[in-house]
**Q** 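Mind having a look at this structure? Questions to follow.
Both counts, for ligands and for their atoms, begin at 1 and track the order of listing.
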Amino acid sequence: MKRISRRAFLSRSLTVAGGGLLIGSGIACAQPERTHLDPAPAARICRATQSDIEGPYFRAGAPERTTLVDRNTEGARIRLSGTVTDRACQPLQTTIDFWHADHLGAYDAVGFSFRTRVQTDADGRYSIDTIIPGRYLNGSAYRPAHIHAKIRAGGRELTTQLYFPDDPHNARDPWFGEDRLVELSGEDARFAFVV
Ligand SMILES: [Fe+2]
């Protein structure tokens with residue numbers, strides 16, 4: 001029978017897997033202390049929303065409002081809502097300019113129909129009641145339904161366009177990007193901007 005020394009026996013008895021220690025008759029797991037070599041928790045990163053052309057129809061000075069429709073408005077109603085955050089995923093209190101065409105694809109060049117400025121709240125949330133815009137000819141091809149947006153925040157400006165799933169003109173549009181598709185469920189359309 002192999003004999004081991006008292007010192008070796010005590011050493012084996014006190015050491016357990018994972019670096020914990022058995023102390024006395026009770027069991028106390030001593031967690032390894034964190035050192036400066038341990039990796040820090042991963043920082044959250046939100047990918048910036050892709051910019052897009054402003055187009056020729058932006059007009060500054062739109063009224064602040066969250067409802068762009070009334071009972072006489074034609075077109076498929078949607079509530080477009082979501083958030084604005086920075087690239088560290090922190091909410092931004094800021095202003096968004098939204099503008100888009102009516103249900104026939106025409107922009108209001110003299111008034112502010114389907115144009116608004118909306119404030120985000122302390123959680124970066126926004127919401128507007130509007131319609132899915134109509135399509136319009138750009139040269140020989142129709143542009144897909146889209147909503148323009150402009151956000152100035154944190155010393156940066158984001159000008160972009162939001163698109164709708166399953167629009168047959170998305171694929172051929174030179175500015176369309178899948179990363180700017182709204183999540184559409186019934187009348188609920190959602191998009192999270194990252195500036
Ligand atoms: Fe447009």
**Q** Verify the distance criterion only: is there a donor paired with an acceptor across the side chains of Gln93 and Thr120 at less than 3.5 Å?
**A** no
**Q** Taking N, O or S atoms only and a limit of 2.8 Å, check whether His148 reaches the Fe ion (ligand 1).
**A** yes
**Q** Please tell me whether His146 and Tyr136 have a donor and an acceptor in their side chains that are separated by less than 3.5 angstrom.
**A** yes
**Q** Nearest 0.5 Å please: distance from the CG atom of Leu162 over to the CZ atom of Arg190.
**A** 14.5 Å
**Q** Measuring to the Fe ion (ligand 1), does Tyr107 have an N/O/S atom at a distance below 2.8 Å?
**A** yes
**Q** Any N/O/S atom from Gln161 (main chain or side chain) under 2.8 Å of the Fe ion (ligand 1)?
**A** no
**Q** Can you tell me how the ring of His148 sits relative to the ring of Trp99, calling it parallel under 30°, perpendicular over 60° and tilted otherwise?
**A** parallel
